[in-house]
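This report refers to the structure that appears directly beneath it.
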Amino acid sequence: MRTLDEVLATLQIAKVQEEDLQKTIHCLSFGDNVSSADYCLMELDDTLCKHIEAGQSLVIRGDKDERAVLCSGDKTYDLKIADTSNLLLFVPGCKTPDQLTNSQDSAHVVHTQIWGFCNSYWELRKQRPKLKKLKKVLMENPYEGPALGGQEENTDNRYTMQDLLEKIQASEEEIKTHLKTINACQIDGYWRVLDFDYEMKLLGHVTQLVDSESWSFNKVPLQTSLEELAPLEPKEMIEHCLNCYGNRYTENDEVFYALHEDKVCRGMALLLLQNAVKFNLREFQEVWQQSVPDGMSTRLDHLKSVALVDRASRPETICLLRVEDLPEDTLERFNHLFTIREKWTEDDITPYIQDLCGEKQTTGALLTKYARSSMQNGIKVFNSRRPVAT
């Protein structure tokens, strides 16, 4: 280890003035058996630093065939190794210049041992959570209603929240939000997504009751609904259906639901479209309007991101195309869309790429990067930047 005299001699040879430096001089030495494989460094922003300092945890998630992500309680981050030309040293107890008081009158040497070193670190970048797998996992055993007499319910492939956290590359808050989006519910402690036909069956019971009782769809009484429909389905499922398709409120100590016109209309449209490759648009609109409760008006705007209208065909047609069925990767998503249709208007393609936008990113920026624009009959359209295999 160097003495103070040796340090001062080295400064003189280097032609560095002692008064230009801090009074505290760190003399570094490597400990026994130090290896670069002993530690990994991770760069954190202020938000994540405060998260750690508050005693919260960060979790790395991903199966063997997935690129690892890091999750806090409510956000997901991409992990990427960044190399650095400078050797990064791990020195416990080492003080930075702003932590030194310079209370010493003269220079002094502090001997400090290096515990480890590294020439790379993990760099974090906020990203969209990978949630497509969530519904795929839950659809392994969708809930089809209570088991009928003599039948046993399938108990395979059921997942608790802890199970989902171990499988899905997203934070707990993001998973909970998406569970609500896909109309999942907890049954016997397990998160289940309803079989589509069963969900539509529940919605049909509710809308038929609204029609038969001549209720306003903005004022559906919970208690009466449960009592009337209890012989048909479990009360918990009826209430879950109302929560999925309506807004709960209280008036004079009685609970009511205002059914969402767009959600009810969309559900009925999906029921009509699920088994048809293509549907004559005019005929579809007539049948669709007849299928919703009185007072509700169907509009094609209700079907953004779930159905695609072809105005160029004769007659005009509509087909099922749900954004949740498209690839999560941005490039793969665009390639898939351009195999479906060679040229898209901005209004048509926007609902299918809106969910790809990162923080402060717009659909216009995505189209600029992944598509080429041109004018067709006075309307701007977008096509692929490269040939797409069909």
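These numbers come from a predicted model, not from an experiment.
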Fill in: Side-chain H-bond candidate by donor/acceptor type, T76 with E174, under 3.5 Å
yes

Worksheet item: Looking only at side chains, do Q289 and T298 share a donor and an acceptor under 3.5 Å apart?
Response: yes

Discussion item. For residues 218-227, which residue pairs pass the salt bridge (charged side-chain N to carboxylate O under 4.0 Å, His left out) check, not counting sequence neighbours?
Written reply: K219-E251

Discussion item. Once side-chain hydrogen bond (donor to acceptor under 3.5 Å, both in side chains) is applied, what residue pairs with a partner in residues 321-330 remain, sequence neighbours excluded?
Written reply: K135-E324, R322-D325

Practice prompt. Could you grab the distance from atom CH2 of W191 to atom CG of L138, nearest 0.5 Å is fine?
Written response: 9.5 Å

Worksheet item: Tell me, which pairs form a side-chain hydrogen bond (donor to acceptor under 3.5 Å, both in side chains) where one or both residues lie in residues 177-190, sequence neighbours left out?
Response: N183-E199

Worksheet item: Hey, is the main chain of T160 close enough, under 3.5 Å, to the side chain of D163 for a donor-acceptor pair?
Response: yes

Worksheet entry | Given K136, M139, E140, the one that forms side chain to side chain contact (heavy atoms under 4.5 Å, CB included) with V193 | M139

Worksheet item: Would a 4.5 Å heavy-atom cut-off, applied to side chains only, mark S72 and L48 as touching?
Response: yes

Worksheet entry | Side-chain H-bond candidate by donor/acceptor type, E166 with Y159, under 3.5 Å | no

Worksheet entry | Approximate separation, where rounding is to 0.5 Å, of Y143 OH and L194 CG | 8.5 Å

Discussion item. Closer than 3.5 angstrom, by distance alone: can the side chain of R385 be matched with the main-chain N or O of K369 as a donor-acceptor pair?
Written reply: yes

